[in-house]
Amino acid sequence: MQRFTAKRSVQNISVSLWRRCISSTSQAATASVKDSDEFQARLPPFAYTPPPYTGPSADVILEKRKEFLSPSMFCLYRKPLNIVDGKMQYLFDESGRRYLDAFAGIAVVNCGHCHPDVVEPVINQIKRLQHPTVLYLNHAIAEFSEALASKLPGDLKVVFFTNSGTEANELALMMAKLYTGCQDIVSVRNGYHGNAAATMGATGQSMWKFNVVQNSVHHALNPDPYRGVFGSDGEKYAKELQDLIQYGTTGHIAGFICEAIQGVGGIVELAPGYLSAAYDTVKKAGGLFIADEVQSGFARTGNFWGFEAHNVVPDIVTMAKGIGNGFPLGAVVTTPEIAAVLTRRSYFNTFGGNSVSTTAGLAVLNVIEKEKLQENAAMVGSYLKEKLTQLKEKHEIIGDVRGRGLMLGVELVSDRKLKTPATAETLHIMDQMKELGVLIGKGGYFGNVFRITPPLCFTKDDADFLVEAMDYSMSKM
């Protein structure tokens, strides 16, 4: 199998490597037109044809992006896609070509694109009242907060609405500091929690951290069963966390923030036993346990919340992405006692709890329950993970297959023993799969992990098609 050599060593990886998907000029040929057409014909049947697209072309849009939008923005794929239509687990480009979406807008569109039971109530709400402000009474925010609180255990029943996961995590970190009177926050290396001041500090990857002041944050070892120094020994990682608190802080902390499965970090599951042991350590240090459910929440992992698989009940839960199926919505849920700290001053979020967004949020909960998407995520996710594990036996480039439900990762390496990140190969295979009609994401510090986070209406036939496209693309390396 032909190998591609990354331009930089893994020790000097940088944001430019992360963006190589837009500037990549891989010498390997992409899938032929004939192969693409044959694969397109094998896509699972789907009874929807989008209306003809009459807007600007991909080239025109790309030029406008370059001229008017932030230079930090980048596109997936060597030839960026112009996506103009979507329905359930499928997306359509400007030519009307259909793609199987296994990324869901970065784990956002849990119910499926343009789900009618989400779209219709939103349209009805926006026709009647778009933004009243939470300073007035409105049924939408009250009904959604009640429904959302019912999905959480214990005394987690006070909801604060935000517009994003970054905002939610910023608020959670501030509340932990106010409640405890401490300033020290502990997070985990390789985690991602947002791009504002406090969340950037808590994030454990240099490529997402600008050179600005990031105070009082300590990063524990990542309990990564594949690359971590202690392998799958969760107790050893938990002991290191205890040592970090004992020797790196006053012994008392404000809080510990952690993802149940690291999303941006490459779909990394935590070592068995780690989170429950970490919970005990954090509580002994007087800290609050913050569960970052921005990517793993809303049934994606086969549990409604990722933390449920670890037998812990957090003090604060943050969420976004799948909460609104694409609407800008985030939330922090905590106990009445902790929530009371925000009465010390005036806390307000203009758009948090907007009537249109909370209408979408309630519709999402209804769809998840009505269509049993949590059960489907568990069933189809297990089926897909098994198929991907079988593919690992066939292709040496696959170093690890991991995740739960429909939050799965496939890590590519050029040497299984050394676990050398196959970054360039990852980009090439992604391009190949796109040409065959499958869209996936990528992540991990080295950019060598496929992030498979499709809409939760994904079927076994969809899973088979994804694996077939991945198998073909790897065979052509």
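Given the structure is predicted, the values throughout are model-derived calculations rather than measurements.
Rounded to the nearest 0.5 angstrom, I185 CD1 and I290 CD1 are separated by 5.5 Å. Atom CD1 in I83 sits 9.5 Å away from atom CD in E94 (nearest 0.5 Å). Taken to the nearest 0.5 Å, the CD1 atom of I368 stands 7.5 Å off from the NZ atom of K151. For the atom pair CG of L384 and CG of L406, the computed distance is 7.0 Å after rounding to the nearest 0.5 Å. We find the CD-CG distance between E259 and N190 to be 8.5 Å, quoted to the nearest 0.5 Å. With values rounded to the nearest 0.5 angstrom, L275 atom CG is found 10.5 Å from D280 atom CG.
For the side chain to side chain contact (heavy atoms under 4.5 Å, CB included) criterion with Y274, the lone passing option out of D233, L221, N222, V188 is V188. In summary, of the residues considered (E167, Q214, E170), a side-chain hydrogen bond (donor to acceptor under 3.5 Å, both in side chains) with T199 occurs for E170 alone. Exactly one of T301, L388, T453 qualifies for a side chain to side chain contact (heavy atoms under 4.5 Å, CB included) with L408. That residue is L388. Evaluated for a side chain to side chain contact (heavy atoms under 4.5 Å, CB included) with Y77, the options E435, M433, K434 yield exactly one hit, K434.
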Please walk me through it: do N82 and V84 pass side-chain contact (heavy atoms from CB on, under 4.5 Å)?
CA-CA 6 Å; N82 180 19; V84 303; 3.8 Å; yes
Should K442 and L427 be marked as a side-chain contact (heavy atoms from CB on, under 4.5 Å) after you check the CA-CA gap, both sets of side-chain angles, and the distance that decides it?
CA-CA 8 Å; K442 74 178 181 71; L427 297 173; 3.4 Å; yes
Derivation and outcome, side-chain contact (heavy atoms from CB on, under 4.5 Å), residues T318 and E293
CA-CA 6 Å; T318 62; E293 292 284 339; 5.7 Å; no
Could you go through Y472 and F39, starting from their C-alpha distance and side-chain angles, then the distance that decides it, and tell me whether this counts as ring pair (Phe, Tyr, Trp, His ring centres under 6.0 Å)?
CA-CA 10 Å; Y472 176 91; F39 264 83; 5.3 Å; yes
Check against side-chain contact (heavy atoms from CB on, under 4.5 Å), I261 and I267
CA-CA 6 Å; I261 298 178; I267 316 297; 3.9 Å; yes
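One side chain, H113 or D101, offers a donor N or O that lies under 3.5 Å from an acceptor on the other. If you check the side chains of D292 and N169, you find a donor sitting under 3.5 Å from an acceptor. No hydrogens or angles considered: a donor-acceptor pair under 3.5 Å links the side chains of Q40 and R97. Using modelled atom types, one finds no donor on one side chain facing an acceptor on the other under 3.5 Å when comparing R189 with Q262. Under 3.5 Å, the side chains of D59 and S57 contain no donor-acceptor pair of N or O atoms. Residues D464 and Y383 bring a donor and an acceptor atom of their side chains to less than 3.5 Å of each other. Residues N376 and E371 bring no donor and acceptor atom of their side chains to less than 3.5 Å of each other. No hydrogens or angles considered: a donor-acceptor pair under 3.5 Å links the side chains of Q89 and D462.
Proximity of a side-chain donor or acceptor of D117 to a complementary backbone N or O of A363 within less than 3.5 Å is not detected. Judged by distance alone, the side chain of N303 and the main-chain N or O of E308 form no donor-acceptor pair under 3.5 Å.
Inter-residue side-chain proximity for E235 and K239 is flagged as unmet; no heavy-atom pair is nearer than 4.5 Å. Under the 4.5 Å side-chain criterion, counting only non-hydrogen atoms from C-beta, H428 is not in contact with R78. Between F103 and L76, the closest side-chain pair of non-hydrogen atoms falls below 4.5 Å. For the pair I429/L412, a side-chain contact is recorded, criterion being any heavy-atom separation below 4.5 Å from C-beta on.
Taking all atoms of both residues into account, the shortest heavy-atom contact from T281 to I245 is CG2-CD1, 3.9 Å. Smallest separation of non-hydrogen atoms from P454 and A104: C-CB, 3.8 Å. Contact detail for V449 and R402: the closest heavy-atom pair is CG2-NH2, 3.6 Å. Y237 and D224 make their closest contact through OH-O, 3.4 Å (heavy atoms, listed as atom of the first residue, atom of the second, distance). Of all heavy-atom pairs spanning A271 and G231, the tightest one is CB-O, 4.2 Å. The shortest heavy-atom contact between E425 and S414 is OE2-CB, 3.9 Å.
With respect to K385 and E269, a salt bridge is recorded, a charged nitrogen being found less than 4.0 Å from a carboxylate O.
Relative orientation of the F307 and W305 rings is parallel, given thresholds of 30° and 60° on the angle between their planes. The aromatic rings of W208 and Y192 sit perpendicular, their planes meeting at an angle over 60°, well past the 30° parallel limit.
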List the atom pairs, with distances to 0.1 Å, where a side-chain N or O of residues 64-71 and a protein N or O form a donor-acceptor pair under 3.5 Å, not counting sequence neighbours.
from : atom 1 : to  : atom 2 : distance (Å)
S70  : OG     : S72 : N      : 3.1
S70  : OG     : S72 : OG     : 2.7

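Aromatic pair Y99/Y90: ring centres not closer than 6.0 Å. Outside the 6.0 Å centre-distance limit, the rings of Y53 and F92 are not counted as a close aromatic pair.
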